[in-house]
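Here you go, one structure.
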Amino acid sequence: MAMEKTFNAAEAEARIYKMWEDAGAFKAGANASRDDTFCIMLPPPNVTGSLHVGHAFNHTIMDMLTRWKRMQGYDTLWQPGLDHAGIATQLMVEKDLMETQQPKRTDLGREKFLEKVWEWKAAKGGTIEQQARRLGDSMDWSRSAFTMSGAESAPEGEKPGNFHDAVLKVFVQMYNDGLIYRGKRLVNWDPHFETAISDLEVENIEVDGHMWHFKYPLAGGETYEYVEKDEDGNVTLREVRDYISIATTRPETMLGDGAVAVHKDDERYAPIVGKLCEIPVGPKDQRRQIPIITDPYPDMTFGSGAVKITGAHDFNDYEVAKRGGIPMYNLMDTKGAMRADGKPYVEEATTAQAIANGEQAFDEAMIAAMNMVPEDYRGLDRFEARKRVVADITAEGNAVMTTKMVKNDEGEEAETTVPYVEAKKIMQPFGDRSKVVIEPMLTDQWFVDTAKIVGPALDAVKEGRTKIMPESGEKVYYHWLENIEPWCISRQLWWGHQIPVWYGVTSWVNDDGNRSFDLNGRTYFCAATEAEALQKFTDYYGRTPIVVDGPPSDSELREGWETAFSNATFGEAVVASNKGEEGRLAIYRDPDVLDTWFSSGLWPFGTLGWPAEDEAMKYFPGDVLVTGQDILFFWVARMMMMSQAVLEKDPFHTVYLHQLVRDAKGEKMSKTKGNVIDPLDMIDAYGADALRFSNAQMAALGGVLKISEDRIKGYRNFGTKLWNAFSFADHYQIPYPGDPAKPDVSQTLNKWIIGETAKVRETVDAAMEAYRFNDAADALYAFTWGKVCDWYLEFSKPILQGDDTAAKAETEQTLRWVLDQCLILLHPIMPFITEELWGLADSRAKMLVHADWPTYAAADLVDADADREMNWVIDLIDNTRSARAQVHVPAGAKVPLLVTGLDAKGQSAWDNSAALIQRLARIESLTAVDSFPKGCVTIPMAGGTFGIPLEGLIDVDAEIARLEKTLQKLGKELGGLRGRLNNPKFVASAPDEVVAEAKANLALRENEEAQLKAGIARLQEIG
RNA sequence: GGGUGAUUAGCUCAGUUGGUAGAGCGCUUCCUUUACACGGAAGAUGUCGGGAGUUCGAGCCUCUCAUCACCCACCA
């Protein structure tokens, strides 16, 4: 076998991966020799995604765990798949439609658009799975799942799957259990995507904003005495006012104000509580008057202490309005523009005024239909409307004014009155995908009653059934779950699981002879299928309804039932109305889809065939979840809640959280910064193994992840080192025993390295058990390079070239065995190069990917005597080399070595390893002497002192300096040891073994010190 | 405003129950010695962010200050 100079990763990786995949090496249960399962669910990447450094890191860890367990004989499954990623995917397809000049989504219609999405998925969806193969991921690709598989919209020929069944079943079950409900709530609305989003999808970002101060005049020109006091109760301001001052960062929402709220203890406003004030905007003739109410919410110390209440556009106001029964007027349409529908403003304002005066009863539906936007502002974008409102109010003189020094035309400072507008930082909500300002909107949505299902998920962690690593994640987890809000799960999108709820629309003839439509308070049923829904309605009404595509629009409703359903044939759809009149009945399915995370939450079992009875369900519950800290709430917590809510089990026992992967400087990677590292580039340049080793090495629990190309390069070099160790075996023509068993050895050298191997195997296993992947990587690096290559291979040379055939044969066997152990232990981290060497080195029964993971123990294999002896030999070589280098003995020169006071152990060690020592330290002979000659380099060792007689050859001053430096270091150590041992409290309170160790150490160091001093004395005699 | 974590060699970071500091890269010098220059040998560099405390003993535990990072949060 003639090996290449280095491992050709680019050529070998694809070949090796194909070999594994063709052999089915990663299939669920492959290489299983026991019943215990080990299952990891891949966090499904977005179907739109491509592989980035975060995935690369993540996957390395999951693959290490999976390969390790597979080699141990577990029945393993690493389950791959893709997430349909509702918003992100819909966005990408819409963009694609635009770029390719195809009709817009809304023009295509739902069915055609979904066809496009599926086409797009078929064309692009496999990218990331191909990229993952380049990392060496050992997932069972034949099982790859998709969170939209089995959906009604899925085309013929799409890979089968039943994830949709799981989603529907869970929705229906949770609905029936009262865990999902529908309601009109204030939700975060994304005006770009025109959908509701959950709290978690909102990013609060501090931006430059303004706070305007406006006067809301009191109704009927009424006045009151406004008094301000300081902390001590002294009056600082007393004036008669005919208005109340309001501060706002969102003037456009004034149009929807339902009240002004002040704190009940606020004396300043006590005189006017219960009175009406006027919203200072809109047509003069229809200025709306709203009540001044009290509520605990306003902070007396902030702003003017008075807060305008716009229930439909602010979360705090919403709560106040709910408490106070204040109408919440929705001002905007789905795009965030001021509403243009509804009745003329004159009519709406009149109705609103009647409500404010308490003359008119109202309900939710009625308020929802009212448009309080004056004609002048209708249709304007919300930010445009803001500008107009501010300008209009200011022009009319209702802005609160303040004075400011301004330079006049002559450049002189002069006091001027200007509108009081504070420039200040405000926290503004942005959509995490759309990056537009989120608008709180009052809409009908579906919610998961999280408070009802959060308990078991909290208990899982509190009771230790599920462990979150690092531990700090647990506190974060508790905090969020203990303060959990209802989860809005409906999205006004098309790409996703359509909500399995059907609404009934009925009509009947009113007293006045007109038809009326029950739409808002409509009846609905949740059902897994349309047939089931039809049956429920039929049972309920005693008639079979017809099915229509969707609800009649507002305008259609105004025009009447016949128009709204003009294309529908009503046939049997006749019901007895609440008035005893004949009516009509149609049903339609909720057009909304579910939040992507609702389906992701079912990933731990939805991928295993559930709800069908599937053999793969043996892998549930899974074992470890490895994911980024950023989706602890989005995904991890929800999987835990949903698994408990549906199957009453925890989905995994361990959650391994990691941070965002950053660049070498610790900065977030971003395209704009241009610091993005593409893992595929790294693989191209250094091979997947190098990238993986680098990932494993930085995987300190809870650590910051900084990826550096230099590091990756270093681990490529490590791979080459391993490669060359095999070149070494090749070069020395060490025979291939064929899957060598651990040899029985008699040579100290071989006993030692076998013991070292056992130690590293234990270290690696312990590190892997504890998810300390960096420890595993470091231990293997140090063992392979620092022990095997640096010492064992070097030590073996004289034996391999020597005449002792028995020793040679034993060493050859040991060397082969040790190199094999390196491959096996390194395989989970560096699968490619190890598999390649495994195949090159020998003819094997199995591929390395299925090799048996060793179980030998250090307790059995470490030979204490061999260990001590080899460490002594290594020390002697190290010290001799060091001394030589420092007194400038030419590196190639062989020198004689003297020794004095060598004890039996030292003598035996020397005898056993003389050839090795002489070769590695470049020694030509060893002579025992009673005392060293003058001008001799001193090398103190345990059990004897060595010397190199170099009178006349060495730089005496340099050697004295060297010894004194060593002495100085020793002095520090001695000082510490003596200090401790002389302290009676230490001797009394420290554990015995610590004291004993210190004493032994002191004796050793004192001996060294004496030797060094003697050495210096000898040199000084010459000088 | 609340929470979490960080601060250790020039750089990037380890350091598991307190026993007296390590790795990789970089740097300096030497070496093309028959596995490997993606290499070998030798070497330099740290009052472990500041201060206080507990302890015989603190990088590690407690308090405090400083700086940084991230997460959560409704201040109109």
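Predicted model only: the values in this text are computed from it and were never measured.
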Look at Asn724(A) and rG39(B) and indicate whether a side-chain polar atom (N or O) is within less than 4.0 Å of OP1 or OP2.
->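 No, because none of the side-chain N or O atoms of Asn724(A) sits under 4.0 Å from OP1 or OP2 of rG39(B).
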Aromatic rings Trp723(A) and Phe7(A): how do their planes relate, parallel, tilted or perpendicular, breaks at 30° and 60°?
->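 Rings of Trp723(A) and Phe7(A): tilted, as their planes differ by 30° to 60°.
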Is the distance from OP1 or OP2 of rG40(B) to the nearest side-chain N or O of Lys721(A) less than 4.0 Å?
->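 Answer yes for this pair, as a side-chain N or O of Lys721(A) is under 4.0 Å from OP1 or OP2.
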Determine: side-chain N/O of Trp785(A) to OP1/OP2 of rA35(B), distance under 4.0 Å, yes or no.
->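 Result: no.
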Give the C-alpha distance, both sets of side-chain angles, the deciding distance and a yes or no for side-chain hydrogen bond (donor to acceptor under 3.5 Å, both in side chains) between Asn204(A) and Gln428(A).
-> CA-CA 5 Å; Asn204(A) 290 302; Gln428(A) 211 163 27; over 6 Å; no
Between atom OH in Tyr732(A) and atom P in rU34(B), what is the gap in whole Å?
->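 Answer to the nearest Å: 10 Å.
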Rounded to whole angstrom units, what separation is found between the NE2 atom of His658(A) and the P atom of rU4(B)?
->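 About 23 Å, once rounded to whole Å.
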Minimum heavy-atom separation for Ala725(A) to Cys789(A), with atom names?
->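 Of all heavy-atom pairs spanning Ala725(A) and Cys789(A), the closest is CB-SG, 4.0 Å.
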Would you indicate which nucleotide in rC36(B), rA73(B), rC72(B) comes nearest to any side-chain atom of Met427(A)?
->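 That would be rA73(B).
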What interatomic distance, in whole Å, is found between P of rA21(B) and the corresponding atom of rC48(B)?
->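 My reading of the P atoms in rC48(B) and rA21(B) gives 11 Å.
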Using only heavy-atom distances, decide whether a donor-acceptor pair under 3.5 angstrom links the side-chain of Asp710(A) to the base of rC25(B).
->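 Per atom types, no contact qualifies.
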Using the C1' atom in both, what is the distance from rC27(B) to rA73(B), to the nearest Å?
->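 It works out to 48 Å between them.
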Would you please confirm or rule out a distance under 4.0 Å between OP1 or OP2 of rA23(B) and any side-chain N or O of Tyr781(A)?
->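 Checking rA23(B) against Tyr781(A), no side-chain N or O comes under 4.0 Å of OP1 or OP2.
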Considering the options Asn188(A), Asp199(A), Val187(A), which one meets the side-chain contact (heavy atoms from CB on, under 4.5 Å) requirement together with Phe315(A)?
->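 Between Phe315(A) and the candidates, side-chain contact (heavy atoms from CB on, under 4.5 Å) is satisfied uniquely by Asn188(A).
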Which nucleotide in the list rG40(B), rA42(B), rA35(B) gets nearest to the side chain of Asp878(A)?
->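 From the listed options, rA42(B) comes nearest.
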Taking atom P in both rU55(B) and rG3(B), compute the distance separating them and give it to the nearest angstrom.
->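 Pairwise P distance, rU55(B) against rG3(B), rounds to 30 Å.
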Mark yes or no for a side-chain to base donor-acceptor pair under 3.5 Å between Arg716(A) and rC38(B), with no hydrogen or angle criteria applied.
->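 In this structure, the two groups form a donor-acceptor pair.
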Distance, P atom - from rG51(B) to rU4(B), rounded to whole angstrom =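 After rounding to an integer number of Å, I get 26 Å for this pair.
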side-chain hydrogen bond (donor to acceptor under 3.5 Å, both in side chains) assessment of Asp689(A) paired with Tyr715(A) | CA-CA 8 Å; Asp689(A) 292 326; Tyr715(A) 294 121; over 6 Å; no
Polar pair under 3.5 Å, donor/acceptor by atom type, side chain Arg922(A), base rU33(B) =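 There is none.
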Donor-acceptor contact below 3.5 Å, side chain Ser882(A) vs main chain Asn879(A) |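 Such a contact is absent between Ser882(A) side chain and Asn879(A) backbone.
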Under 4.0 Å between a side-chain N or O of Ser304(A) and OP1 or OP2 of rA76(B)?
->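 No, because none of the side-chain N or O atoms of Ser304(A) sits under 4.0 Å from OP1 or OP2 of rA76(B).
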Glu924(A) and Gln918(A): which non-hydrogen atoms are nearest, and at how many Å?
->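 Looking at all heavy atoms of both residues, the shortest contact is O-NE2, 3.1 Å.
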Please, what dot-bracket string fits RNA chain B when only Watson-Crick and G-U pairs with both distances under 3.5 Å count, crossing ones use [ ] and pairs to another strand use |?
-> (((((((..((((.....[..)))).(((((.......))))).....(((((..]....))))))))))))....
OP1 or OP2 of rA23(B) sitting under 4.0 Å from any side-chain N/O of Arg711(A)?
->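 It does not, given that no N or O in the side chain of Arg711(A) lies less than 4.0 Å from OP1 or OP2 of rA23(B).
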OP1 or OP2 of rA37(B) under 4.0 Å from side-chain N/O of Lys5(A) |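 So the side chain of Lys5(A) is within the cut-off, an N or O lying under 4.0 Å from OP1 or OP2 of rA37(B).
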